[in-house]
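Order of the sequence lines fixes the chain letters, A, B, ..., with proteins taken first and strands second; residue numbering starts at 1 for each chain.
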Number of protein chains: 2
Amino acid sequence: MTTSEPTAPRNGRRRSSDPTVHDVAERAGVSPMTVSRVLSGGKNVRIEVQERVEKAVAELGYHRNENARSLRPGQRSGLVGVTITNIANPYYAEMLGGVEEVASEHSRRILVGNSNEDAELERQLVADFIGRRVEGLIVVPSGSGTADHLRPDRLGGVPIVLASRAAADVDADTVLIDDVNGARQATAALLAEGHRRIAFLGNRLSVFTGQRRLDGFRLAHQARGLTPIDELVRLGQQDVSSAEIAMTELLALPSPPTAVFSANNRNTIGAIRAIVNLQRRQLEQNPGTEPAASRLRLFGFDTFDFADMSPVQLSVVDHDARELGRRAAQMLFDRLENTSNSASPRVIELPVTLRQMP
Amino acid sequence: MTTSEPTAPRNGRRRSSDPTVHDVAERAGVSPMTVSRVLSGGKNVRIEVQERVEKAVAELGYHRNENARSLRPGQRSGLVGVTITNIANPYYAEMLGGVEEVASEHSRRILVGNSNEDAELERQLVADFIGRRVEGLIVVPSGSGTADHLRPDRLGGVPIVLASRAAADVDADTVLIDDVNGARQATAALLAEGHRRIAFLGNRLSVFTGQRRLDGFRLAHQARGLTPIDELVRLGQQDVSSAEIAMTELLALPSPPTAVFSANNRNTIGAIRAIVNLQRRQLEQNPGTEPAASRLRLFGFDTFDFADMSPVQLSVVDHDARELGRRAAQMLFDRLENTSNSASPRVIELPVTLRQMP
DNA sequence: CTGTTAGCGCTTTCAA
DNA sequence: TTGAAAGCGCTAACAG
């Protein structure tokens, strides 16, 4: 299988390791430098020599060591580091897809880490990424702890773009969804329909979007001289099942809400489950009649696979996770490749669309 | 901000670049070797010197260059390369989460690439990953072209685990879902209920799981001396909207199916949409009566967020994408860390669960 | 406990 | 058009 000297360490170097430029050079009867030249496009190399080198590369199964390569000054690592708070959440997965798409267009690979909403883990990930000499970072800041480790002056000159959430005291390029307006408009629509007892289901307030969406909910009320009803505001549901429980509790109140604004898709799905369960119970008790729970009005932030098939009347504040990822990556490559390197941080907010599900 | 000589290139080396062990050593008044020792745990270094070095590290914002580090023989890159066919598909996103989880437990990072079902892109990704000296590869083989580039002898000794799909002529560790059995059992259940005109909605047959799930569908028929009805078998729907179209066509046949087996969640969702649309049309024409489409029986491979709220009676073949990712990663680290390195490739099939949605 | 030397694989000079 | 030398940042091996 190998070329010659079956067992002995050829050249005094350990064998059975990856082939190097040296090995390729030897086999092609040229110097390592010529191999290097062929590998970077073959400028100033006789075509015949190029072919000889390429043959040796193929025969040896040679792969240029990118790590060694990136060691030379002026060479880029070709890597972008991305940390998200929950890889398994389809929303961030979609966002990651957008990042990958743009990175790929720029011939970069993405290193992916899951911070799991843990600031310390996020700090470690970012440090590791910098150690690997990523050219830039895209971070969905975790919703816990401080974010000092994300401050541009702590990153050794590696540009960073925050996505989906801003972070306190971090003055960096940021791409956000227009949470406040989305929540405000949705709530305003419910108020315009005459609802006065509107529930709010949302994330912890330490999560940036959680706070912003509650702000929008409040603003819409204020615009009519109203205040949200405290007992109808439930925060801290991170997953579908806790949202379902919270919604079930709301429905069991002496004076239950007539409408619900849910601040993310996990809460929306949980709310739907709770409502459907109540409908079933009501139908069992009063067969044939329209269950009272059917009149409940639901407006949710985010969409999901099946939103238009919801068994409960539903409207959504729609936005595009993939576009979020794309824009974040574009901002990063702007910094990387344009001379506008020193421009002050930009914050952009992507618009949302209110959508009535059929 | 910097230490001394504000502008002049200190030490003859270019300034304003990342600090190196050398810089840290100088600032701490020790040799680079001592810095290296402190950074790798501080064995055999006076505690007082350790503190001095750590102080210098912090002040300089030093990050050890992992690429340079991995250059030394015997050092591992700490990277695992993962290619999936569609990052944005929640199923693979979930799988990626499982891979990341296990990789993280083993202190490894994941490099992620999207092959987009394109064999050539996949080949490039794998070559790039090997060039970056990943310690192992986890690949969901693309459903197009040949897979020669995945053969273990072409990977320069980097271990590979195939996930979710096998690849022709590639004899490697593989983790699969038990597609054949899942599809067989689901189809058998429909046949046992008395259905004889069962539609099949699925992927292209060049996609491994597509072929296997159709095999299971066939086997269940054969076990009863039956054959699938050709005009009811629709292949090649890759997304929800094409699945909806295919299902709509089936429903418009002179003799439509009485039951449907859909081979993945995209097709299931498309089928549900088509059925719901037909129900609505039938209700408009004959208000008050139970629409004929409501009697249609649906059995789908994969679950999704809202499966239990489906407006159409639904059963699913459930399986765990996250577990698939975990197991693939575990197999990889088995190869990497155990001495069982030379064992012949293993193929494991993860069980599925048949689940009646309430 | 600490420093010196050497070299990992690659490519940018510079010289031939 | 080609090659030799040097060094990117790091750490084993060997002094001291």
Side-chain angles (χ1 to χ4, degrees), chain A residues 9 11-53 56-57 60 62-78 130-133 156, chain B residues 9-53 56-57 60-78 130-133 156:
Chain A
N11 263 358
R13 262 184 288 102
R14 60 182 169 36
R15 205 65 292 268
S16 92
S17 172
D18 297 324
T20 74
V21 261
H22 207 93
D23 300 310
V24 176
E26 193 168 285
R27 179 172 255 261
V30 294
S31 80
M33 198 47 232
T34 299
V35 175
S36 174
R37 277 196 263 264
V38 172
L39 262 43
S40 5
K43 206 73 196 133
N44 290 345
V45 182
R46 272 193 351 245
I47 187 84
E48 176 230 317
V49 176
Q50 285 188 44
E51 281 161 6
R52 219 155 10 111
V53 170
V57 165
L60 258 46
Y62 170 76
H63 292 262
R64 176 165 65 179
N65 187 329
E66 296 296 330
N67 295 334
R69 194 166 134 80
S70 73
L71 214 55
R72 303 305 320 282
Q75 299 280 352
R76 326 247 91 248
S77 72
I130 295 175
R132 294 180 191 282
R133 294 304 183 263
Chain B
R10 182 160 56 90
N11 262 357
R13 263 185 288 100
R14 60 182 170 32
R15 205 69 288 271
S16 92
S17 170
D18 298 323
T20 73
V21 261
H22 207 93
D23 300 310
V24 177
E26 192 168 285
R27 180 172 254 261
V30 294
S31 80
M33 197 50 228
T34 298
V35 175
S36 173
R37 277 196 263 264
V38 171
L39 262 42
S40 7
K43 205 75 196 130
N44 291 343
V45 182
R46 267 183 10 233
I47 187 83
E48 176 230 318
V49 176
Q50 284 188 45
E51 281 161 8
R52 215 151 16 104
V53 169
V57 166
L60 259 45
Y62 169 77
H63 292 263
R64 177 165 64 179
N65 186 330
E66 294 297 330
N67 295 334
R69 194 166 134 79
S70 73
L71 214 56
R72 304 303 320 284
Q75 299 280 354
R76 327 247 91 250
S77 71
I130 294 175
R132 295 180 190 283
R133 294 304 182 261

Chemist: Looking at Thr34(A), does any N or O in its side chain come under 4.0 Å of the phosphate oxygens OP1/OP2 on dG3(D)?
Modeler: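 Looking at the OP1 and OP2 atoms of dG3(D), one of them is under 4.0 Å from a side-chain N or O of Thr34(A).
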Chemist: Counting heavy atoms from C-beta on, name the nucleotide in dA12(D), dG3(D), dT12(C) closest to the side chain of Val30(A).
Modeler: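 The nucleotide sitting nearest to the side chain is dG3(D).
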Chemist: Asn65(B) side chain: which of dC10(D), dC8(C), dG9(C) is closest?
Modeler: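 For Asn65(B), the side-chain atoms sit closest to dC10(D).
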Chemist: Name the closest nucleotide to the Arg46(B) side chain, picking from dT2(C), dT12(C), dT11(C).
Modeler: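 For the Arg46(B) side chain, the nearest candidate turns out to be dT2(C).
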Chemist: Between atom CG of Asn65(A) and atom CG of Leu71(A), what is the distance when rounded to the nearest 0.5 Å?
Modeler: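 Here the interatomic distance stands at 9.5 Å.
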Chemist: Drop me the distance from Arg69(A)'s CZ to Leu39(A)'s CG, to the nearest 0.5 angstrom.
Modeler: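 Reported to 0.5 Å precision, the distance equals 8.0 Å.
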Chemist: Out of dG3(C), dC10(C), dC8(D), which has the shortest distance to the side chain of Met33(B)?
Modeler: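 Between dG3(C), dC10(C), dC8(D), the one nearest the side chain of Met33(B) would be dG3(C).
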Chemist: Heavy-atom nearest nucleotide on DNA chain C for Leu39(A) versus Pro32(B): which residue maps closer to 5'?
Modeler: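 Looking at the nearest nucleotide for each, Pro32(B) comes out on the 5' side.
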Chemist: Between Glu66(B) (side chain) and Arg133(A) (backbone), is there a donor-acceptor pair under 3.5 Å?
Modeler: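 Checking the backbone N and O of Arg133(A) against the side chain of Glu66(B), no donor-acceptor pair under 3.5 Å is found.
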Chemist: Could you check which of dG3(D), dT2(C), dC8(D) has an atom nearest any side-chain atom of Arg72(A)?
Modeler: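 Of the candidates, dC8(D) comes closest.
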Chemist: Any donor-acceptor pair, under 3.5 Å, between the side chain of Arg37(A) and the base of dG3(D), if you only look at N and O atoms?
Modeler: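 Under the 3.5 Å cut-off, the side chain and the base do form a donor-acceptor pair.
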Chemist: Which nucleotide in the list dG9(C), dT11(D), dG3(D) gets nearest to the side chain of Arg64(B)?
Modeler: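 Nearest to the side chain of Arg64(B) among the choices is dT11(D).
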Chemist: Counting only side-chain N and O atoms of Arg69(B), is one of them less than 4.0 Å from OP1 or OP2 of dT11(D)?
Modeler: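 True: Arg69(B) side-chain N/O within range (under 4.0 Å) of dT11(D) OP1/OP2.
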Chemist: Nearest of dC10(D), dT2(D), dT2(C) to any side-chain atom of Val45(B)?
Modeler: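 That would be dT2(C).
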Chemist: With the side chain of Asn44(B) defined as its heavy atoms from C-beta on, choose the nearest nucleotide among dT2(C), dT12(C), dA12(D).
Modeler: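 So the side chain of Asn44(B) is nearest to dT2(C).
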Chemist: Tell me whether Arg132(A) contacts the main-chain N or O of Ser77(B) through its side chain, where contact means a donor paired with an acceptor under 3.5 Å.
Modeler: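 Judged by distance alone, yes, a pair lies under 3.5 Å.
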Chemist: Look at the side chain of Ser36(A) and decide which nucleotide, out of dT2(D), dT11(C), dC10(D), has an atom nearest to it.
Modeler: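 Looking only at side-chain atoms, Ser36(A) lies closest to dT11(C).
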Chemist: Leu60(B) has an atom CG; how far is it from atom C1' of dG9(D), in whole Å?
Modeler: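 Going from CG in Leu60(B) over to C1' in dG9(D) covers 15 Å.
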Chemist: Taking the side chain of Thr20(B) as its heavy atoms from C-beta onward, which of dT11(C), dG9(D), dG9(C) lies nearest to it?
Modeler: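 Comparing dT11(C), dG9(D), dG9(C) against the side chain of Thr20(B), the answer is dG9(D).
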